[in-house]
Amino acid sequence: MATKSFSVAKLPGFTATAVIVFVTLYLPILTLVAYSFNASQSVAIWGGFSWDWYVKAWNNDAVKDATVRSLLIAVCAALISTAVATMAALGTTRRKAFKGQTFIYVMINQPLMVPEIVTAVSLLILFGMIKQATGIQGIGYVIFAHAAFCIPFAYLPIRARLEGMDMTLETAAADLYASPWQTFRHVTLPILLPGVIAGAMLAFVISLDDVVITEFVKSGGQDTLPTYMLGQMRRQLTPEINAISSMLLALTIVLLTAFFLLTRKND
Amino acid sequence: MSAAEKAQAAQSTRNGWLLSTPALVILTLFAVGPLMIVVVYSFLAPGQYGNIEWAFSLDGWRGILWTKDIFDDTYGLADANVTIFWRSIKLSVLTTLLTFAVGFPTAWFIATRPAKSRALWLFLITIPFWTNLLIRTYAINEVIRNEGLLNTVLIKLGLISEPLRIIYTDTAVFIGMAYVYLPLMVLPLFAAIDRFDMRLLEAAYDLYASRWQVLRRVILPIVKPGIIAGSILVFVPSLGAYVTPRVLGGGKQMMIGNFIDLQFGQGRNWPLGAALSLTLLIIVTVALLIYVKYANRDTAHGH
Amino acid sequence: MALRLHNMIKIKRERVTLSQQNAVEARNAVKAFGQGDNAVRALNDVSIEIRKGEFFTLLGPSGCGKTTLLRLIAGFEMPTSGTILLEGADITYLPPNQRPVNTVFQSYALFPHLTVAQNIGFGLQMQGRPKAEVKATVDRMLALVKLEAMASRKTSQLSGGQQQRVALARALAPSPKVLLLDEPLSALDLKLRREMQGELKRLQTETGITFIFVTHDQEEALTMSDRIGVMSAGKLQQVGTPREIYTRPHNRFVASFIGETNFLPATSDGSTLTLPGGYQIEAPAGTKAGQVTVTVRPEQVKLSPTPEAGTLPATVRGVVYMGTDMNYQLHLADGTEIEACVVSDVTGEAALAAGQTVGVRFTPGAAQVLED
């Protein structure tokens, strides 16, 4: 019998556990996707392959409406949060530590530290007061709520990119007669751009995925795709939910893959 | 410092603040500011049809754990509330423990892959992490409900004759939370293990340590910051969970998050809801402070 | 081509008034980092004059303040006190983008998102020069550093030596009055470094631009410079030609930092130096009476197989064969150590064996008396 070689990094049962974990992570998701192609009415019994539920979801006005609204909110929230996060990242990196910098960090990361339900409740109260006082309705409330909690997600990759950036590049630009604005325009911004795009994509995904805050902040008829699905889950379940979930899943995977390629290529 | 140096430093600070201002304004208006209003609301009386009445009252805070007897106006412990708090804490602790027990081997597995495939394994952990929480909760629902995958398979195999009633129980919420928050445990653990110098293992084995001793005396102490980070990242959202208990607990197995929601809905007790929110926030803050303290102590030791 | 460039830059080497003859001047420059008790003086009251058209080297160990002085001249830092002059004009507080001074960075700092040609043209573009002029200058620079074939490459596709050339061309393109080079060769391997040393010297001669070159490599400094400024602990220790620095070091630091040397205690009566063992040599002019330290380079230490009269008796402790040279470690009777370096003979065998007692002499005029 051949002797097994001794590998220092190997620990008993770890590989088996990891394999089980990966299977457990993906099995439910794959089941969900599989059942979106179920021809049967029920989510329980497999009735053969069919695209019906995708067609049905596609022709469902409520779904279409919620999708458009979700995308609109996510695009606006991503743009706003990325713009302000980029500025904040430029303001808080690569300069001498200044008084109040910690305060700015805490403020920016605040949405990561407060439970979502608490933010949701606080915004419900605030927006209730504003709506009552001014009578202004609209989707703007949801957009700004999303923009606020997306800021830390947009900020992190931009800041990481800035910190990884060779500071002498800007010194070199100044040495070569570039004014501060020219330095930003011709050197800093082009090099920072992948980080900004990555930040915007994260913000977009985070906004698209949000359930709790939207559920509390939205007015009647302002369902996003996730809140629409949450509402549907209380009622009778049909594979239509699976179809919608699968499409959202596909979108997330596409964005994530792009995000990874973007952040990796420029390492 | 010369005057010119001072002026330069002052300008740098001013630019830092100016650039951060738009973000700070949005966060003040839509994240930090509203919390102040919640504080105010928690000290007011509930309105008859929801919202509040502008009258000072401590009933919101008292209502967290105590209930007023309708006959003699004395306060007694509210059993239902205690149950909800107990369930929240119990399920959050269990979730943290389970995700660590299975997450640590997984993180170790990923970190010890060859550099090329490691990125792929990491990506496989990240996809569920970024996938909509609602979708993942719904996916686990597909597996554990009475007519779901698990019961179907078990009945087909003849292992059980009746479906296991998991859905709408504490167990369902527990399984669901462990499932959705697992990536939050694996990622910081991976980061810590990835930095771990594998040559230390050779040194430990060279000095007669057994596998178990290596794990307990070398690996775990060194990756402790990652363990603490992962535990906090799982514990905090578990405690404030809303979607998972709502979908898998069926509205009966409430956690604090759902209890808060109830006060702003059918309960029509906004001050109590506000006080509960702040209580949750305080517990989370304490957990974070403990984390910061431990993390700093570890870095002070030069880990 | 060299001539064209020469004309373009129009460096005039005619004698003008003394202050205008200096390309760069630092007066009492102090740079402190940190505040209060933690303040560290990276530059401690440095005054220096660098002449037009010369290849000047700032030499010193890491942390001696040479890079800080360079950054003050470039405008990346402001001095805590003191003045920086460029051709007689005060530029102490002028921002770097308004100084006609360019830098070759240690890390090269090439813009990763731009091509080689775009990198070289960057400075001219920022100055708002006409497109045609930018293009013409870029082409000329590409030819100067022999990188015509690489014009449209991204800088990451170049080798270390090529990146170095791009950095040089980029800094030379705007025809600066002074070119600052911050250890530009430190990232290159030995062979390439030798090659680039020649290249730099050629470029400096062709363009006539004042070069201020920072390095910690004494050999590099000795071979390339017109003059060297040796720095240590934030202070300028000595300024002089390579020959002066090597043969007439002012103090212990300069003597030991540049080349190998021996230090010996001696008693001076103003005209004669008496070394341990009673060996006497003539004192250099201006030597004070009293206890002094004398330094002698190992190659100026001569050995005879027996301790003859008028030599210093010493015992051979060890012999090290170094290829071209043979290095002898010797002990004087009082225990003072001394090293001698002798050119190897054809066999490579040592003429003297360990344990042998020999006679030591110094080449006349080789012994230097140090200031401290």
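Below, chains carry the letters A, B, ... as their sequence lines are ordered, and counting in each starts from 1. Given the structure is predicted, the values throughout are model-derived calculations rather than measurements.
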>> Checking T86(A) against Y155(A): is there a side-chain donor and acceptor pair closer than 3.5 Å?
In response: no
> Distance only, no hydrogens: is a donor on one side chain within 3.5 Å (strictly under) of an acceptor on the other, for T214(A) and H146(A)?
Replying inline: yes
Where does [X] contact chain B at under 4.5 Å (heavy atoms): side chain, backbone, both or neither?
X	value
P226(A)	both
I151(A)	side chain
E116(A)	neither
F22(A)	side chain
F216(A)	side chain
Y105(A)	neither
Y141(A)	neither
V114(A)	both
I80(A)	side chain
T257(A)	both

> Using the ring of each side chain (for Trp, its six-membered ring), is W270(B) parallel, tilted or perpendicular to F264(B), with breaks at 30° and 60°?
Replying inline: tilted
Against chain A, label [X] side chain, backbone, both or neither, depending on which of its atoms sit under 4.5 Å from a heavy atom there.
X	value
V247(B)	side chain
T28(B)	both
L24(B)	both

> What about the rings of F14(A) and F109(B), do their centers lie closer together than 6.0 Å?
Replying inline: no
> How far apart are the C-alpha atoms of L27(A) and L149(B), what are their side-chain angles, what is the distance that settles it, and do they pass the side-chain contact (heavy atoms from CB on, under 4.5 Å) test?
Replying inline: CA-CA 10 Å; L27(A) 193 65; L149(B) 187 71; 4.0 Å; yes
>> Restricting to salt bridge (charged side-chain N to carboxylate O under 4.0 Å, His left out), what partner residues turn up for E215(A), sequence neighbours left out?
In response: R246(B)
>> Run the salt bridge (charged side-chain N to carboxylate O under 4.0 Å, His left out) test against R94(A) and tell me which residues pass, sequence neighbours left out.
In response: E170(A)
> Which one, V33(A), T119(A), T93(A), V121(A), leads in non-hydrogen pairs under 4.5 Å with chain B?
Replying inline: V121(A)
> Of the listed residues (V205(A), I244(A), I108(A)), which shares the most heavy-atom pairs with chain B below a 4.5 Å separation?
Replying inline: I108(A)
> Can you tell me how far the OG1 atom of T106(B) sits from the CD1 atom of I125(B), to the nearest 0.5 Å?
Replying inline: 6.0 Å
> Of all the residues in residues 247-255 of chain A, which have a heavy atom that comes within less than 4.5 Å of a heavy atom in chain B?
Replying inline: L248(A), L249(A), T252(A), I253(A)
>> Applying side-chain hydrogen bond (donor to acceptor under 3.5 Å, both in side chains), can you list everything that pairs with R118(B), at least two apart in sequence or on another chain?
In response: D194(B)
> Checking side chain to side chain donor-acceptor pair (under 3.5 Å) for the pair Y242(B)/N258(B): CA distance, chi angles, key distance, verdict?
Replying inline: CA-CA 6 Å; Y242(B) 170 79; N258(B) 313 94; 5.8 Å; no
>> Please check: side-chain N/O of N269(B) versus main-chain N/O of L272(B), any donor-acceptor pairing under 3.5 Å?
In response: yes
> Can the positive tip of R136(B) be found less than 6.0 Å from the middle of the six-membered ring of Y138(B), inside 45° of the ring normal?
Replying inline: no
> Any idea which heavy atoms bring M229(A) and S245(A) closest together, and the distance?
Replying inline: CE-OG, 3.2 Å
